[in-house]
Amino acid sequence: MRGASSGRVAVVNAYWDGKNGVVLVSRDSQGRRQRRRVAAEHVCYLRKSELKERTERDLRASRAIHGMREEDSWWRVRFKTRDLLRKASAKPRWPGPDGERLSYFERAHVEPFEADMHPVRRWLTDNEVEIQRPKRCYLDIEADSRVSFSRKEEARILSWAVVDDEGKKWSAVLEDDDDAAEHRLLMKLWRLLDQFDQVVAWYGDGYDFPMIRARSKLLGIQVQWQGWLWLDHLELFKKMNISASESGDEKQSYRLGAVSTAVLGETKADLDASRSWEYWAAGGAKRQELVDYNVRDTDLLRLLENATGYIELLQVLCQATTTFPDSRGMNGTNYVEGFLLKLARGRDLHFKTVWDYGGRIPFEGAYVLEPKKGILRDVHVCDFSSLYPSIIQTWNMSPETLGPRISGSLDGPGYRSDQKWHKPRPDGHCEHPTNGWTFTTKWMGLLAEAVTELKRLRKHWNDLKASLPPGTPEWKEADRRSSAYKIAANTFYGVIGSPFSRFFDRVVAESVAQGGVWLLKLVLAEAEHKGMSVVFGDTDSAFVAGSTEKQFKAFVDHLNTVVFPRELERLGCPRNDIKLAYEKQFDVLVMVTKKRYAGNFVHYKGSRATKDSKPEIKGLEFKRGDTARIARRMQEKVIHRLLTGDHEPQGYLEMVAEWRTSILEGEIEMSDVVLSKRLAKGLGEYKAKKKKDGTDAAQPPHVEVAKLLQQRGADVSEGTRIAYVVTDATSSPMRVAPADDVTIEDVDRHYIWENLAYPATKRVLEVCFPAYGKELKALGVSRPSARRPKPEPGSPLVNPRAKGVRRRKPPEGQGTLGGIM
DNA sequence: AGCTCTGGCGACAGTA
DNA sequence: TACTGTCGCCAG
């Protein structure tokens with residue numbers, strides 16, 4: 001075993017027992033699970049220079065203290081329990097006799113560092129540790145469907161299925177509807193799980209995990225819950241897939257069925273799980289159907305992992321950051337902490353205590369250029385490779401490398417806003433280009449080192465991606481992995497900017513972002529200087545027209561070899577990791593607004609686009625999961641036509657007019673018009689505004705619908721997607737209904753056209769054909785207005801059949817939406 | 001053991 | 001009709 005020979009301890013899991021022990025779980029060379037208990041260390045660090053003799057004496061004499069020892073310029077003070085440590089270091093809930101809310105250490109004028117650190121993280125940090133690959137299984141359970149989700153703990157578990165990595169399957173089903181049978185069912189599950197370390201379930205954190213935990217407790221089954229790595233596959237999928245998914249279709253639903261269809265082309269077993277009880281109660285073949293369904297569903301998780309590799313990716317990330325691959329391991333603050341604390345060992349560095357959230361401290365972020373809108377030809381795009389990580393490296397930015405500020409604005413009475421003060425830059429420091437802060441160059445900062453490894457991994461997948469034709473499945477796979485490392489690398493910056501993190505440093509975070517603003521503006525200015533035309537830029541990318549491919553390549557080279565080195569040297573940067581890359585060219589680019597555009601590739605990093613290459617679409621409704629499908633389809637159609645080079649407005653007006661008629665009069669499917677939005681918080685947390693007359697104002701439609709669903713006992717916890725339709729948009733607030741409550745006949749057709757379907761397409765056409773604004777606008781009106789004179793019968797722009805009037809059936813066998821569906 | 005960040009668009013409810 | 005505040009989702 002590698003762990004043993006290199007003096008490292010290999011662990012597959014570890015947990016705190018809640019008192020004074022940390023339990024280490026390992027796999028020995030035969031693959032057997034071993035448990036070992038070590039002491040939990042409840043520790044904080046105090047600066048020697050801050051600790052007064054009197055306080056030191058107090059601490060030594062205190063019965064709360066286990067002991068203290070010197071470590072370089074720090075005192076490491078070990079408390080007997082975590083509670084005692086918290087008492088000494090956290091702000092007390094109530095004021096003391098003097099009316100002040102001060103902790104013991106605050107009163108002693110010494111700042112405790114890392115006091116809140118979890119005992120497991122403490123152990124992982126202080127020891128040479130290797131995170132082992134867990135034995136993984138996938139789990140899914142079926143429970144009594146008669147019990148509403150909100151009372152799910154009262155539902156009896158009917159069956160479970162477990163599948164391992166190789167596809168070996170286990171399952172069991174409830175024998176009788178009583179506690180003894182359920183007890184047997186769960187005992188079988190726990191005995192099986194005992195051979196695994198990691199349990200993966202879809203929406204596990206929201207359903208399966210709390211469920212088996214609650215039922216086991218209820219039935220008196222004692223298990224050491226923390227002995228497993230519980231991983232919610234859905235949450236992981238969302239985190240990793242968000243930047244890889246192509247259209248809003250993929251985001252509309254994260255139900256397992258929808259995701260597996262999108263990723264695997266495979267549909268969930270055909271069984272209505274909301275009637276699980278009936279299947280079970282019927283017994284015999286019906287009951288077996290339920291079990292088969294349960295097993296197949298579980299196996300989908302394994303197949304999904306085979307197709308995406310996301311769990312493997314998490315494994316890689318966790319091993320690199322000394323973090324366990326469970327749901328918490330996905331958390332950025334957590335794995336960044338793991339990585340940085342390890343890196344800080346032996347550097348005489350410790351980090352602040354974060355018992356409580358210190359409050360938001362906002363800072364300035366990236367620069368987004370107002371785009372040139374409409375149809376643009378031959379646009380070249382360059383972008384900085386891993387911009388924020390490179391900035392961190394180049395200026396050696398890190399909380400502990402921050403030096404003095406040497407310039408700033410002279411604001412106050414008597415000064416103009418552009419007047420600045422300056423001091424000379426001290427030796428051994430480099431200078432931020434715009435905010436006056438300096439960073440030492442005498443040693444390498446923690447952040448810079450951390451970022452280097454992630455950049456290396458990302459480069460590997462990016463190189464592969466660039467060698468493949470854009471849009472192909474291999475390209476997408478490489479893109480997915482490269483995105484995951486990008487997410488991780490950018491997380492380091494994000495965590496520095498997060499007040500929840502012990503590494504939070506507003507100055508450093510803002511310096512990173514503003515370094516990016518300065519660099520991007522350098523590029524834009526240079527392009528203008530070279531006579532090119534800048535059409536857009538966002539954070540780390542510049543969109544430029546008026547250049548040939550060769551010229552643009554030379555332009556990028558010039559920046560890399562002349563401009564950046566010159567400017568960075570002027571600022572005293574110790575190194576230059578800034579690299580601009582020629583990313584792609586579009587022959588047609590439809591620019592709608594900031595962050596919303598569609599482009600047709602000529603090439604991507606030199607790889608020529610093929611017939612099968614899909615266009616790049618960003619930010620538009622097509623990409624969004626909270627839009628109506630009909631809006632996405634229409635917009636997609638228009639975008640594709642525009643990108644093929646058909647820029648004749650008349651054809652588009654006709655196409656829109658046809659769609660308009662179809663939507664107002666033809667047949668539409670519910671799935672075309674359903675809206676689906678996530679509850680971003682619990683229902684009670686939404687702002688409840690009062691109207692001027694003192695009555696309650698309406699909340700957003702999806703929240704109103706969620707309130708209704710809650711009354712029926714449905715799951716409306718944070719994160720739930722609420723599917724709804726608008727049944728009458730003429731009233732304010734609009735009348736809405738849960739999608740499952742109504743049929744297409746109940747949906748407000750004018751609303752569909754005027755608000756759901758057309759606007760997304762209209763905005764695209766408006767920027768492309770500004771001369772046709774009037775016509776495009778007129779097409780958007782369908783509802784007869786009481787104010788307007790009654791339209792002539794047969795007028796092309798007004799639907800003669802108001803809502804509720806029976807519609808004629810469309811001709812047999814004809815697509816109703818002009819063939820777009 | 002709850003929490004990467006900022007910038008930005010568009011939908012709605014409500015006000016003036 | 002223009003504007004404000006809240007919300008969700010997306011770009012980077």
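Each chain gets a letter, A, B and so on, in the order its sequence line appears, and its residues count up from 1.
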Give a yes or no on whether the backbone of I663(A) and the side-chain of R749(A) come within a donor-acceptor separation of less than 3.5 Å. yes

Distance-minimising heavy-atom pair for F504(A) and S498(A): CB-O, 3.0 Å

Would you indicate what A509(A) reaches in the nucleic acid, counting non-hydrogen atoms under 4.0 angstrom: base, sugar-phosphate, or nothing? nothing

Whole-Å gap separating P (dC7(C)) and NZ (K707(A)): 12 Å

Mind checking M117(A) for me? I need base, sugar-phosphate or nothing, with any heavy atom below 4.0 Å counting as a touch. nothing

Check whether the side chain of R624(A) and the base of dC9(C) form a donor-acceptor pair under 3.5 Å. yes

Looking at S385(A), is its backbone amide N or carbonyl O close enough to the side chain of S390(A) to form a donor-acceptor pair, meaning the two atoms are under 3.5 Å apart? yes

Using modelled atom types only, decide if a donor and an acceptor are shared between the side chain of Q226(A) and the backbone of A14(A) within a distance under 3.5 Å. no

Checking all strands, does N755(A) fall into the base, sugar-phosphate, or nothing category for heavy-atom contacts under 4.0 angstrom? sugar-phosphate

Which is true for R360(A) with a 4.0 Å heavy-atom rule: it touches a base, it touches only sugar-phosphate, or it touches nothing? sugar-phosphate

What is the distance, to the nearest angstrom, from the NZ atom on K692(A) to the C1' atom on dT4(C)? 14 Å

Grab the CG-P distance between L520(A) and dG7(B) for me, whole Å please. 14 Å

salt_bridge(R502(A), E114(A)) N-O dist < 4.0 Å: no

Taking atom P of dC7(C) as reference, at what distance in whole Å does atom CG of L683(A) sit? 12 Å

Indicate, with a heavy-atom threshold strictly under 4.0 Å, whether R328(A) touches base, sugar-phosphate, or nothing. base

Using a 4.0 Å heavy-atom cut-off across all strands, classify Y357(A) as base, sugar-phosphate, or nothing. nothing

Using a 4.0 Å heavy-atom cut-off across all strands, classify F363(A) as base, sugar-phosphate, or nothing. sugar-phosphate

How do K690(A) and E718(A) order along DNA chain B: which one's closest nucleotide is nearer the 5' end? E718(A)

Go nucleotide by nucleotide along DNA chain B from the 5' end; which of V495(A) and A366(A) gets its closest nucleotide reached first? V495(A)

Tell me what F384(A) touches on the nucleic acid: a base, only sugar-phosphate, or nothing, going by heavy atoms under 4.0 Å. nothing

Rounding to a whole Å, what distance do you find between M591(A):CE and dG8(B):P? 14 Å

In whole angstrom, give the distance that lies between atom CG of N331(A) and atom C1' of dC5(B). 14 Å

In whole Å, what is the span from the NZ atom of K689(A) to the C1' atom of dG5(C)? 4 Å

Distance in angstrom units between I392(A) CD1 and dC5(B) C1', rounded: 12 Å

